[in-house]
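Please read the structure below before turning to the comments.
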2 protein chains.
Amino acid sequence: MVDLTPKKLEIQQRGDRILSIARSMIVDDGYHGLNMDRIAEQLEISKGTIYNHFSCKEEIIIALAIETAEKRRSLFQAAAQFRGRSRFRMLAIGEADLRFFQEHTSHFEFERMLRIPSILEKTSEKRQSVMQMCEAACMQVVGGIVRDAIANGDLELTNSMTAEEVVFGLWSLHYGAQSIIASSENLDQIGLHRPVETMTTHTAMLLDGLGWLPLSTEFDENEVIEQINNEVFKNV
Amino acid sequence: MVDLTPKKLEIQQRGDRILSIARSMIVDDGYHGLNMDRIAEQLEISKGTIYNHFSCKEEIIIALAIETAEKRRSLFQAAAQFRGRSRFRMLAIGEADLRFFQEHTSHFEFERMLRIPSILEKTSEKRQSVMQMCEAACMQVVGGIVRDAIANGDLELTNSMTAEEVVFGLWSLHYGAQSIIASSENLDQIGLHRPVETMTTHTAMLLDGLGWLPLSTEFDENEVIEQINNEVFKNV
DNA sequence: TTATTTTCTGACTATCCGTCAATTTTATTT
DNA sequence: AAATAAAATTGACGGATAGTCAGAAAATAA
């Protein structure tokens with residue numbers, strides 16, 4: 001598809017512009033701010049044309065979520081390339097996740113909307129599976145690091161825990177923290193002044209609890225993170 | 001208010017019935033299943049009367065969330081009464097949380113809806129603060145146990161972490177896990193066969209990582225939980 | 001240039017939230 | 001018990017917005 005006809009190109013670009021406007025509408029005014037008539041008005045096209053691109057409102061939401069989910073996936077995959085001990089590679093994943101959160105905070109709003117069944121229901125199977133692929137790919141990346149750690153003895157799982165279950169724990173902690181942070185305005189009032197850093201610390205504590213070597217007391221986290229930033233995220 | 005007039009009693013009961021029907025509508029068909037006209041139809045009252053009870057749709061949602069949030073609060077407060085070492089009292093909280101999750105899974109759907117700003121916005125300040133009170137009370141309960149643990153030496157916080165931040169970590173882990181569990185249908189397919197138990201194990205790992213004594217390896221969890229069930233939740 | 005296919009349009013339908021003037025019911029006073 | 005005042009109820013209505021579709025316009029093929 002290198003040489004699109006002018007018309008095809010126009011259509012493709014319009015699709016992108018619809019998403020772009022929709023994203024800012026949601027960022028500004030939330031779910032109810034997304035309004036098909038207003039998108040049509042702002043792009044100076046008719047509403048019917050929008051429905052040529054997206055079969056319903058919810059389809060736009062999942063398309064937006066997919067855009068950012070793909071960015072997360074590539075960040076994770078880049079992070080996993082870091083050369084070093086398994087625990088340091090996990091730290092790189094944490095750094096990727098942190099960057100993603102800070103640059104795409106709105107992603108969590110989309111994700112939260114999609115976790116409401118009556119919203120997800122209306123989206124196409126196709127986009128649902130793309131979304132699941134992205135999630136699964138991220139879990140695969142993290143799961144791979146966990147398995148490597150087990151293989152080389154950095155991590156020894158008790159409680160008959162599996163690698164997938166380790167991923168679930170980290171996923172829960174991060175998803176929960178980020179969801180709370182992104183949707184609460186009064187964290188400072190309840191004594192949480194640096195929630196993102198707190199989340200990172202807890203991640204380290206959880207890995208320590210699992211006995212993932214080297215323990216956080218046995219290396220200088222800041223030093224490793226600097227290394228990660230230099231090697232993996234230097235272009236960012 | 002012991003002797004209500006018949007009319008007042010009727011009104012109060014109708015309020016409850018509105019919530020009851022609304023709850024089942026949301027449980028069955030999600031956010032879009034909640035329909036003011038249909039509530040009126042099923043209760044054989046006019047729509048205007050519903051608006052005498054609740055100023056808008058979202059007000060019903062938050063009222064439902066408050067109903068269950070209050071149950072959680074009382075479960076937490078009961079759990080905190082458990083006599084024993086601080087870590088065992090945390091275990092009691094975990095047990096309370098587990099019971100709450102299993103009996104009121106739908107609560108997380110309400111909570112997720114309320115974390116969408118455009119929905120929360122429409123609810124009254126009054127109910128918002130009731131909701132916050134409930135949350136804060138739960139955090140206070142857990143925070144109290146953390147402070148007790150610090151005071152008697154069971155827990156020594158490094159990283160300049162505060163008691164509130166410890167609560168935040170546990171809260172994130174549980175909120176994230178429960179939110180994922182309640183909104184995912186395919187966890188089994190990705191290798192998570194016992195997600196609730198996994199969450200519990202991770203909680204223990206996190207507490208171990210924080211160095212909260214006694215460590216999970218130093219006592220028989222099942223034995224303590226049995227004790228908790230006998231002493232705190234025997235009436236359930 | 002003509003024919004055919006694709007795309008676009010916007011008026012229209014359907015749904016549903018929330019309002020309010022008129023009506024009915026309940027409570028109070030005489 | 002009747003009259004009056006207050007409170008509660010009603011349902012038709014306005015307004016917003018999602019989604020449709022027959023006809024018009026534009027792009028492509030013949």
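To find a chain, count down the sequence lines: A is the first, B the second, and so on, and within it residues start at 1.
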Query raised in the report: So which of residues 15-29 of chain B are in contact with DNA chain D, with a heavy-atom cut-off of under 4.0 Å?
Result: none
Query raised in the report: Between the side chains of A:Thr123 and A:Gln128, is a donor N or O closer than 3.5 angstrom to an acceptor N or O?
Result: yes
Query raised in the report: Should B:Leu34 and B:Ile39 be marked as a side chain to side chain contact (heavy atoms under 4.5 Å, CB included) after you check the CA-CA gap, both sets of side-chain angles, and the distance that decides it?
Result: CA-CA 8 Å; B:Leu34 180 58; B:Ile39 294 176; 3.8 Å; yes
Report summary line: Residues pairing under salt bridge (Lys or Arg N to Asp or Glu O under 4.0 Å) where one sits in residues 33-54 of chain A, two or more places apart or in two chains, turn out to be A:Asp37-A:Lys47
Report task. List in chain and number order the residues that pass salt bridge (Lys or Arg N to Asp or Glu O under 4.0 Å) with B:Arg147, two or more places apart in sequence or in another chain; answer none if no residue qualifies. Result -> B:Glu164
Query raised in the report: Between A:Glu165 and B:Leu192, is any pair of side-chain heavy atoms under 4.5 Å apart?
Result: yes
**Report entry** Set of salt bridge (Lys or Arg N to Asp or Glu O under 4.0 Å) partners for A:Asp148, sequence neighbours left out
**Finding:** A:Arg89
Report task. Could you run through nucleotides 1-9 of chain D and give me one letter per nucleotide, 5' to 3': B if any protein heavy atom sits under 4.0 Å from the base, S if only the sugar-phosphate is that close, - if neither? Result -> -------SB
**Report entry** With B:Arg112 via salt bridge (Lys or Arg N to Asp or Glu O under 4.0 Å) - residues at least two apart
**Finding:** none
Query - Heavy-atom side-chain contact between A:Tyr51 and A:Met36 under 4.5 Å - result: yes
Within the sub-3.5 Å range, which N or O atoms of nucleotides 17-19 of chain D have a protein N or O partner, and how far apart are they?
residue: D:dT17; atom: OP1; partner: A:Asn35; partner atom: ND2; Å: 3.4
residue: D:dT17; atom: O5'; partner: A:Asn35; partner atom: ND2; Å: 3.2
residue: D:dA18; atom: OP1; partner: A:Leu34; partner atom: O; Å: 3.3
residue: D:dA18; atom: OP2; partner: A:Met36; partner atom: N; Å: 3.0
residue: D:dA18; atom: N7; partner: A:Lys47; partner atom: NZ; Å: 3.3
residue: D:dG19; atom: OP2; partner: A:Tyr51; partner atom: OH; Å: 3.0
residue: D:dG19; atom: OP2; partner: A:Lys57; partner atom: N; Å: 3.0
residue: D:dG19; atom: N7; partner: A:Lys47; partner atom: NZ; Å: 2.9
residue: D:dG19; atom: O6; partner: A:Lys47; partner atom: NZ; Å: 2.8

Query raised in the report: From the 5' end of DNA chain C to its 3' end, which nucleotides mark the outer limits of contact with chain B, defined by a 4.0 Å heavy-atom distance cut-off (strictly under)?
Result: C:dC16 to C:dA27
Query raised in the report: Do A:Lys57 and A:Ile119 touch side chain to side chain, with heavy atoms closer than 4.5 Å?
Result: no
Run the side-chain donor-acceptor check on residues 7-19 of chain A: report pairs under 3.5 Å with partners two or more places apart or on a different chain.
residue: A:Glu10; atom: OE2; partner: A:Arg14; partner atom: NH1; Å: 3.3
residue: A:Arg14; atom: NE; partner: A:His53; partner atom: NE2; Å: 3.3

Requested in this report: State, yes or no, whether a side-chain contact exists between B:Val130 and B:Ile62 at a heavy-atom distance under 4.5 Å.
Outcome: no
Report task. Can you sort out the partners of B:Lys71 under salt bridge (Lys or Arg N to Asp or Glu O under 4.0 Å), two or more places apart, ordered by chain and number? Result -> none
Query raised in the report: Is the distance between the ring centroids of A:Phe108 and A:Phe101 under 6.0 Å?
Result: yes
Query - Contact list for residues 166-175 of chain B, test side chain to side chain donor-acceptor pair (under 3.5 Å), sequence neighbours left out - result: B:Asp97-B:His174, B:Arg115-B:Tyr175, B:His174-B:Thr203
Query raised in the report: Considering only heavy atoms, which members of residues 124-131 of chain A lie under 4.0 Å from some atom of DNA chain D?
Result: none
Query raised in the report: Stepwise, does the side chain to side chain contact (heavy atoms under 4.5 Å, CB included) test hold for A:Val232 with A:Gln81?
Result: CA-CA 7 Å; A:Val232 182; A:Gln81 299 302 315; 5.7 Å; no
